[in-house]
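Just below is one structure, and these are the notes that go with it.
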Amino acid sequence: MNTSSMNTITPMGKFLWQVKREFWEHRGGFFWTPLIIAAVMLAFMVMGLVTAEFTAHQHGIDINGIHLDQLASHLDAEAVAKFQGALDVGLITMGMPIRIALFVVVFFYALGALYNDRADRSVLFWKSLPLSDTQAVLSKVAAGLILAPALAVLGMIVLQLGFLVLFTLYAALHGINALPYLWSPTHLVAMWIKLAVLIPVNALWALPTMGWLLLCSSYARSKPFLWAVMLPIVTGVIISWMQLMQSFSLQSGWFWRHIVGRLLLSLIPESWVNLDSLRALDHAGADPSMALGNLLSFGAIADQFASPNFLIGVAAGTVMIAAAIWLRRMRVEAYA
Amino acid sequence: MTAVVQAKGLSKRYGNSLALDNVNFDIEPGRIVGLVGPNGAGKTTALKAILGLAEFDGQLSVLGLDPRTHRTELMQQVCFIADVAVLPRWLRVGDAVDFVGGVHPRFSREKCARLLARTKIKPTQRVRELSKGMIVQLHLALVMAIDAKLLVLDEPTLGLDILYRKEFYNNLLGDYFDEQKTILVTTHQIEEIEHILTDLLFIKEGRIVLDATMEDVSERFAEVMVNPDKADAARALKPLYERQIFGKSIFLFDGVDKTRLAVLGELSKPSVADLFVATMQGTYA
């Protein structure tokens with residue numbers, strides 16, 4: 001026996017290799033997409049600044065740094081804090097295109113995760129290795145709910161830093177020292193920690209969608225997209241129609257929101273945020289920037305863990321993932 | 001030594017048709033077994049059962065384990081190459097080696113590198129950039145670098161040219177096979193591998209119709225080329241199969257004393273392909 005061939009393999013090691021495999025396969029969606037979006041947005045900002053500068057020049061508008069500087073020096077501590085709060089909100093919302101792209105990427109990733117390798121029969125290669133179906137499926141859950149969002153956060157941080165550098169340079173061009181206003185390390189780090197903490201919260205919230213998509217991906221013999229999207233939507237339409245016919249007591253709005261929405265849209269980052277309370281605050285005339293900050297506060301996150309909507313979703317997602325694992329073991333009929 | 005594969009009353013039903021009908025066989029260690037049968041005879045079904053890829057009725061033990069419940073453990077000792085089990089097209093060669101090295105306790109990176117060095121495959125290439133022959137070379141290098149007890153090959157060389165096919169089996173015999181290992185292979189190009197087989201398993205319509213070592217086969221079976229005047233005498237000995245060539249008849253006999261056959265005409269050893277055709281006659285009728 002060849003002793004050099006004995007590697008020490010741990011279950012965790014196997015799991016991480018499988019997550020790595022998902023990364024290799026989906027490098028474009030997971031890694032490059034957020035970075036490219038960040039680069040494109042920064043390019044637009046540069047173009048915007050150049051245009052602004054050019055227009056100002058043409059029309060003889062003098063952006064006089066001294067005035068602004070004087071203005072800034074008149075800002076009191078409260079105003080600076082307010083400005084930085086608004087800046088935080090701005091920096092967080094700036095990542096919106098990356099969040100939307102993340103939703104699209106992970107949605108289609110999950111839909112194909114247990115289907116594509118059956119369609120091209122490479123599942124038999126993976127199954128010829130000592131890997132359990134449970135680990136295989138869980139590695140895909142981790143890739144979609146932890147790895148991809150983490151890389152998206154990385155893209156958002158690149159975007160934020162690019163934005164801050166750009167505007168610091170622009171301000172400097174006009175003789176303004178923006179460093180004390182734009183660059184607050186404590187603010188930035190606190191925000192990045194917040195973004196990192198949101199990853200597992202979003203992951204738990206997204207479990208029903210992840211579970212549903214993986215279940216369809218594992219179940220479908222063809223066209224998993226149709227199963228995943230049409231089944232809940234057609235059911236929703238039927239229920240709405242029955243309600244229209246007044247023959248059904250269940251509220252169709254409830255179904256659309258808690259079943260269809262949770263099965264298909266929970267992958268949208270921060271979609272657990274209670275928008276009703278945002279509207280309420282808006283009506284109350286509260287500062288919207290503060291309101292958004294509050295909605296993403298640790299208190300709001302903690303509240304989520306206690307809400308039945310959240311907990312039932314986690315349970316439903318777990319059950320569907322378990323079903324996807326079971327089907328993964330049974331569905332190898334691609335090998336005929 | 002205990003059998004590597006033990007099947008007792010193995011059955012598998014797809015709807016109304018029986019893919020495997022109460023099949024019994026043992027595969028001993030250190031053998032190269034050819035599982036041969038026409039299309040749809042149940043070869044793949046048997047392999048799927050052995051690999052834990054399908055449910056079945058009856059008893060099946062592979063390396064002492066039930067493949068249905070212990071697939072993950074089993075795959076540490078069992079390797080598998082199938083024409084249909086393709087490597088994913090996006091995978092890079094270097095990543096494939098790293099991955100198998102990362103998850104397989106019995107994989108030797110050095111051996112894999114040595115095997116790949118003999119080919120034109122480069123670590124930076126993706127599977128989609130490789131030809132069909134190179135993909136099989138890569139798959140074989142990955143599998144041969146695993147010190148497994150049982151290697152299952154299902155039409156491994158389908159669609160390859162003769163150079164790749166020869167090289168495939170030469171590598172397997174020269175650098176892989178030893179008395180610790182067992183190979184179970186199905187192929188339609190049976191004439192190309194009959195010299196390396198130690199055992200034959202013929203399967204027809206879900207049943208094993210021949211289970212013999214190659215020595216048994218050459219003991220039991222004989223072919224005689226008979227002139228027309230002695231053809232009736234030959235037919236009286238109940239040949240398995242008869243065919244005509246250049247005005248003479250060639251008869252294939254099972255278990256008839258060779259001294260009796262020698263008087264009828266020129267004796268020869270039947271090829272596995274002839275034996276196969278004789279055994280399977282009427283399959284598609």
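From a predicted model like this one, the values you see are computed outputs, not experimental measurements. In the text below, chain A, chain B and the rest are named by the order of the sequence lines, each starting its count at 1. Both backbone and side-chain heavy atoms feed into the values below; hydrogens, waters and symmetry mates do not.
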| task | Can you establish whether the number of heavy atoms outside Lys132(B) located under 6.0 Å from its atom NZ is more than 12? | result | yes
Smallest heavy-atom separation, Pro130(A) atom then Gln76(B) atom, equals CB-CG, 3.5 Å
Nearest heavy-atom contact between Gly102(B) and Trp17(A) is CA-NE1, 3.3 Å
Highest number of heavy-atom pairs under 4.5 Å with chain A among Asp178(B), Leu91(B), Asp98(B) belongs to Asp98(B)
Original post:
Stepwise, does the side chain to side chain contact (heavy atoms under 4.5 Å, CB included) test hold for Ile9(A) with His104(B)?
Top reply: CA-CA 7 Å; Ile9(A) 307 281; His104(B) 208 301; 5.8 Å; no
Among residues 134-161 of chain A, residues within the sub-4.5 Å heavy-atom range of chain B, in order of number, are none
Heavy-atom count check: over 12 atoms from other residues, nucleotides or ligands less than 6.0 Å from Trp192(A) CH2? yes
When the 4.5 angstrom heavy-atom criterion is applied to Val152(B) and chain A, the contacting part is neither
Value for CG (Asp120(A)) from CZ (Arg89(B)), rounded to nearest 0.5 Å, stands at 9.0 Å
To the nearest 0.5 Å, atom OG of Ser128(A) lies from atom CD1 of Ile146(B) at 7.0 Å
Correct closest heavy-atom pair for Val86(B) and Phe125(A) would be O-CB, 3.8 Å
| task | Take Phe99(B) and Lys20(A) through the side chain to side chain contact (heavy atoms under 4.5 Å, CB included) test and state the conclusion after the steps. | result | CA-CA 9 Å; Phe99(B) 184 82; Lys20(A) 212 174 195 175; over 6 Å; no
Cut-off 4.5 Å, heavy atoms of chain A, and the answer for Glu55(B) is side chain
Value for CH2 (Trp90(B)) from CZ (Arg21(A)), rounded to nearest 0.5 Å, stands at 6.5 Å
Leu53(B) and Leu124(A) have their tightest heavy-atom pair at CD1-CD2, 3.5 Å
Of all heavy-atom pairs linking Arg27(A) and Asp95(B), the shortest is NH2-OD2, 4.3 Å
Heavy atoms of Leu131(A) and Arg71(B) approach each other most closely as O-NH2, 3.1 Å
Count the heavy atoms belonging to other residues, nucleotides or ligands that lie under 6.0 Å from CZ of Arg207(B), then report whether that count exceeds 12. no
